[in-house]
Amino acid sequence: MKSKKNLLLLILLLWIGSDLLTIGFENLLAHFTHLPDNSIIILNSLSITSILYLVNRKYKVVKIFIIPAHDTWLDKLVYVIPIMLYVVRASLPLLYDPAIWKMIVNHLPHSLMLVLAMITAVFFEEYLSRGLIFGALLVYFKHHKWRVQLSILLSSLTFSLSHAINLFNQNAMQTLNQMIYTFAFGCLVSMLYIRSGSLLIPFLAHCLLNLPSFLYSSSPLATAPVTLKTILMQIFMLSIFLVYIFIFINNDEKRHYQF
């Protein structure tokens with residue numbers, strides 16, 4: 001019982017501590033170094049991921065390159081289809097406004113820094129949320145009947161609540177919209193992680209999700225205002241995600257749950 005309490009405490013410390021470290025370290029770098037924002041994001045993400053890596057060396061719950069030995073084509077489709085949909089989503093601004101290509105090429109060094117900042121930030125978030133927190137929850141609920149479902153929901157909740165910090169630089173409607181979507185997205189990529197057995201799959205999905213906001217920030221699709229209709233659409237998307245996730249979670253498929 002004591003070890004389970006310690007594990008639960010670790011989950012809370014990882015979640016809250018990483019958020020506080022992110023805020024503190026980014027503010028320190030901004031105040032004392034005057035580095036560009038992208039450089040600060042990269043340094044912060046790499047530094048905190050290094051700390052999380054040291055934590056994982058003890059608990060060994062993160063799986064980055066593992067591929068299930070009996071992964072069938074049907075298994076692959078479960079996580080390939082969402083990836084393909086996110087590829088389409090990331091491509092929409094280019095189809096909507098082809099001039100974005102010209103903007104990216106004309107500011108190529110800046111665009112590459114944006115992509116690098118996105119990649120490091122996404123890897124940090126995935127290593128923390130799906131790797132350590134989700135992995136630790138799977139261990140914590142190891143003998144629970146709803147082990148996988150509870151782990152998905154709780155890890156996605158912490159992922160969503162972490163975005164509440166954006167209230168400091170955007171309005172409440174934008175933040176609520178983001179929190180609903182990140183909860184839905186967290187559920188989806190947790191299922192992709194456990195079905196694929198590799199952190200690379202949710203990492204790829206997360207990169208595709210963030211790509212428009214990093215590269216296409218001037219696109220009308222990226223700057224559309226958040227309204228009540230937008231919130232309702234996110235809730236609708238949440239319900240679709242949850243249906244998809246729980247259809248493809250089968251507690252009898254133990255090969256997917258060896259965490």
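- Atom CG of Asp37 is surrounded by 12 or fewer heavy atoms from other residues, nucleotides or ligands within 6.0 Å.
- Among all heavy-atom pairs drawn from Phe248 and Arg195, the shortest one is O-NH1, 2.5 Å.
- Both Leu157 and Trp15 are assigned to one and the same hydrophobic cluster, defined by single-linkage of ILVMFWY side chains at heavy-atom distances under 4.5 Å.
- Rounding to the nearest 0.5 angstrom, the gap separating the CG atom in Asn27 from the CD1 atom in Ile40 is 9.0 Å.
- Scanning all heavy atoms of the two residues, the minimum distance from Ser156 to Cys187 falls at OG-N, 2.9 Å.
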Check the pair Tyr59, Val139 against side-chain contact (heavy atoms from CB on, under 4.5 Å), reporting the backbone distance first and the verdict last. CA-CA 10 Å; Tyr59 292 94; Val139 175; over 6 Å; no

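- Tested against Pro82 for a side chain to side chain contact (heavy atoms under 4.5 Å, CB included), the candidates Leu192, Ile245, Ile201 yield a single pass: Leu192.
- Shown here are the side-chain hydrogen bond (donor to acceptor under 3.5 Å, both in side chains) partners of Thr227, two or more places apart in sequence or in another chain: Thr230.
- The closest side-chain heavy-atom distance from Val189 to Phe159 is not below 4.5 Å.
- The two atoms that bring Val62 and Tyr127 nearest to each other are CG1-CE1, 3.8 Å, heavy atoms only.
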For Leu209 and Arg89, what are the C-alpha separation, side-chain angles and deciding distance, and is it a side-chain contact (heavy atoms from CB on, under 4.5 Å)? CA-CA 8 Å; Leu209 171 71; Arg89 179 186 179 277; 3.9 Å; yes

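- Nearest approach of Leu132 to Val55, heavy atoms of both residues: CD2-CG1, 4.5 Å.
- Hydrophobic clustering (side-chain heavy atoms under 4.5 Å, transitive across Ile, Leu, Val, Met, Phe, Trp, Tyr) groups Leu54 together with Leu14.
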Go through the steps to decide whether Asp19 and Ile165 satisfy the test side-chain contact (heavy atoms from CB on, under 4.5 Å), and finish with yes or no. CA-CA 9 Å; Asp19 285 344; Ile165 194 175; 5.7 Å; no

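- Side-chain atoms of Ser155 come within 3.5 Å of backbone atoms of Ile152 as a donor-acceptor pair (strictly under, hydrogens ignored).
- Arg147 places a side-chain N or O within donor-acceptor distance of the main-chain N or O of Leu138, the cut-off being under 3.5 Å.
- Although no hydrogens or angles enter the test, the distance criterion places no donor-acceptor pair under 3.5 Å between the side chain of Thr120 and the main chain of Leu46.
- Taking CE of Met103 as the start and NE2 of His110 as the end, the distance is 8.5 Å to the nearest 0.5 Å.
- The number of heavy atoms from other shown groups lying within 6.0 Å of CE (Met233) does not exceed 12.
- Atoms CD1 and CG, on Ile41 and Leu29 in that order, are 11.0 Å from each other to the nearest 0.5 Å.
- By the criterion of side-chain heavy atoms lying less than 4.5 angstrom apart, applied directly or through intervening Ile, Leu, Val, Met, Phe, Trp or Tyr residues, Leu77 is not grouped with Val88; the two fall into different hydrophobic clusters.
- If you chain together hydrophobic residues whose side chains sit under 4.5 Å apart, Leu167 and Leu176 never meet in one group.
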May I have the step-by-step check of side-chain contact (heavy atoms from CB on, under 4.5 Å) for Ile180 and Ile231, ending in yes or no? CA-CA 8 Å; Ile180 294 171; Ile231 299 292; 3.8 Å; yes

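- Between Tyr193 and Phe134, the ring planes lie tilted relative to each other; the angle falls in the 30° to 60° range.
- Residue Phe241 comes nearest to Ala184 through the heavy atom pair CD2-O, 3.2 Å, listed as atom of the first residue, atom of the second, then distance.
- Asn177 is linked by a side-chain hydrogen bond (donor to acceptor under 3.5 Å, both in side chains) to Gln234, counting only residues two or more places apart in sequence or in another chain.
- You'll find the ring centres of Phe123 and His206 outside the 6.0 Å limit.
- Residues meeting the side-chain hydrogen bond (donor to acceptor under 3.5 Å, both in side chains) test with Thr175, sequence neighbours left out: Gln170.
- Put simply, CD on Gln178 and CE on Met173 are 13.5 Å apart, with the number rounded to the nearest 0.5 Å.
- Residue Ile42 is not grouped with residue Leu21 when hydrophobic side chains (ILVMFWY) are merged at heavy-atom distances under 4.5 angstrom, including chains of intermediate members.
- Residues Leu153 and Leu242 come closest through the heavy atom pair CD2-CD2, 4.5 Å.
- Without hydrogens or angle criteria, Tyr244 side chain to Val78 main chain gives a donor-acceptor distance under 3.5 Å.
- Side chains of Gln174 and Asn166 form no contact here, defined as non-hydrogen atoms less than 4.5 Å apart.
- Expressed to the nearest 0.5 Å, how far CZ of Phe141 lies from CG of Leu150 amounts to 5.0 Å.
- Remark: Ser162 OG to Ile133 CD1 distance equals 6.5 Å, nearest 0.5 Å.
- Looking only at distances, no side-chain donor or acceptor of Ser160 sits under 3.5 Å from a matching main-chain atom of Thr182.
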